[in-house]
Amino acid sequence: MTEAPAHGIVMPPTSDADPFAHEHLLDPEPLHRSLRAAGPVVHLTRYDVHALARYEQVHAALVDWQRFESGSGVGHANFRHEEPWRKPSVLLEADPPLHDAPRRVLRDILAPPALRRLRDTWSAQAEELVDQVLAQGAEFDAFAALAEAFPLRVFPDAVGIGPDGREHLLPYGNMAFNAFGPRNDLVAADAHRAAELGAWVGAQCAREALTATGFGADIWAAADRGDLTREQAPMVVRSLLTAGVDTTVHGLAACLYAFATHPEEWQRLRRRPELARVAFEEAIRWQSPVQTFFRTATTDVTVADTVIPEGTKILMFLGAANHDPDRWSAPERFDLTRDPSGHVGFGMGLHQCVGQHVARLEAEALLTALARRVESFAFAGEPRRHINNTLRGWESLPVRVRLAD
Ligand code: OVM
């Protein structure tokens with residue numbers, strides 16, 4: 001006989017769905033709808049984790065770092081029992097107080113005032129890229145030619161890594177984001193490259209590998225000042241290289257996909273290019289390039305009358321929260337007239353994306369350059385999704401453009 005739950009405590013609804021199955025990764029919205037509808041907490045029987053898919057509970061968990069810790073890993077693996085695939089991040093996979101020095105250092109290096117000197121260069125580089133792409137014809141793959149190409153042109157230089165081996169950046173990030181999921185086929189597919197990619201990224205984090213100016217040099221300068229230890233400095237560079245490329249690639253791709261499917265919103269942006277930043281934010285809400293993160297309960301946590309046991313994993317559906325109809329009106333609409341602030345696509349609270357200002361600057365540069373030259377664009381073929389345990393992104397966005405005169 002099972003014991004009756006204590007008064008007021010209820011067993012949550014359960015689901016045997018696998019959110020990391022290809023079917024759901026390719027088209028997550030039906031699953032998101034059913035998880036939100038099932039209740040504020042859903043027990044995922046396949047993984048024995050509790051899932052949050054409503055905005056209110058996802059937001060509450062994100063800001064409650066004391067009870068929802070990151071130090072046991074923010075993927076499916078519980079670092080209390082499982083060996084991490086690489087040394088844990090000193091930012092993402094750490095809690096206060098260990099988290100705080102690296103966070104403060106990187107926050108200052110990536111803060112808007114520190115990025116001001118990049119603005120003109122990045123705008124010029126965006127114009128140059130857009131001119132090159134458009135000169136080659138009216139049809140191209142906007143994913144490869146723009147969403148991938150632009151971050152790769154500006155971000156590694158801004159960090160200050162050398163010219164060789166940059167083709168490893170996207171596969172490494174892709175692998176790291178797959179590694180937050182369970183050990184499924186997607187993780188297995190990356191396994192043969194893990195050592196090679198990890199060694200290359202590790203080598204780029206050394207002081208000697210970095211140029212004299214750039215985010216990397218700034219991080220090492222913080223170590224010289226004593227704001228970071230010499231062990232932390234290369235780890236913070238590693239965070240930039242892990243989290244700074246694929247995320248912006250798929251964030252920009254979300255913008256391009258949004259505008260290809262919403263031509264009236266493209267016209268709105270063309271009339272008012274100062275909407276570029278709102279457009280990026282709304283695209284992040286709408287597509288949520290980072291779909292999920294886990295936390296671990298530091299104590300028995302009661303969420304809406306369900307007890308989540310101490311030491312167990314909680315799966316937060318950022319993408320589902322960003323489409324919760326109790327928080328957003330017509331959430332499935334990409335809409336430049338809404339205020340997308342408060343979305344959890346960058347997370348929320350202590351761990352909220354520290355690179356978001358860099359991402360916004362990249363998006364602003366690219367969208368502004370495109371808005372100036374492209375009158376309209378539409379799909380010239382089927383867009384193809386990229387599949388990853390955590391990232392919602394694209395493999396191909398074939399478009400045909402009409403140029404502005
Ligand atoms: C990190 C990091 C931070 C955010 C996301 C991420 C792979 C990694 O500190 O390495 O995804």
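Just follow the structure's listing: the first ligand is 1, and inside any ligand the first atom is 1. Counting begins at 1 with the first residue of the sequence. Heavy atoms only: backbone and side chains are in, while hydrogens, waters and symmetry mates are out.
Under 4.0 Å from any atom of ligand 1, one finds heavy atoms of residues R86, S89, L92, A176, F177, F180, S239, T242, A243.
A salt bridge links E29 to R392: at least one charged side-chain nitrogen sits closer than 4.0 Å to a carboxylate oxygen.
Less than 6.0 angstrom separates the ring centroid of F180 from the ring centroid of F293.
Applying the side chain to side chain contact (heavy atoms under 4.5 Å, CB included) criterion to D335, with sequence neighbours excluded, gives E265, E282, R333, T337, R338. When the side chain to side chain contact (heavy atoms under 4.5 Å, CB included) test is applied to A21, the partners found at least two apart in sequence or on another chain are D18, H24. Take R225 and apply the side chain to side chain donor-acceptor pair (under 3.5 Å) test, not counting sequence neighbours, and it matches D227.
More than 12 heavy atoms of other residues, nucleotides or ligands shown are found within 6.0 angstrom of CZ on R373.
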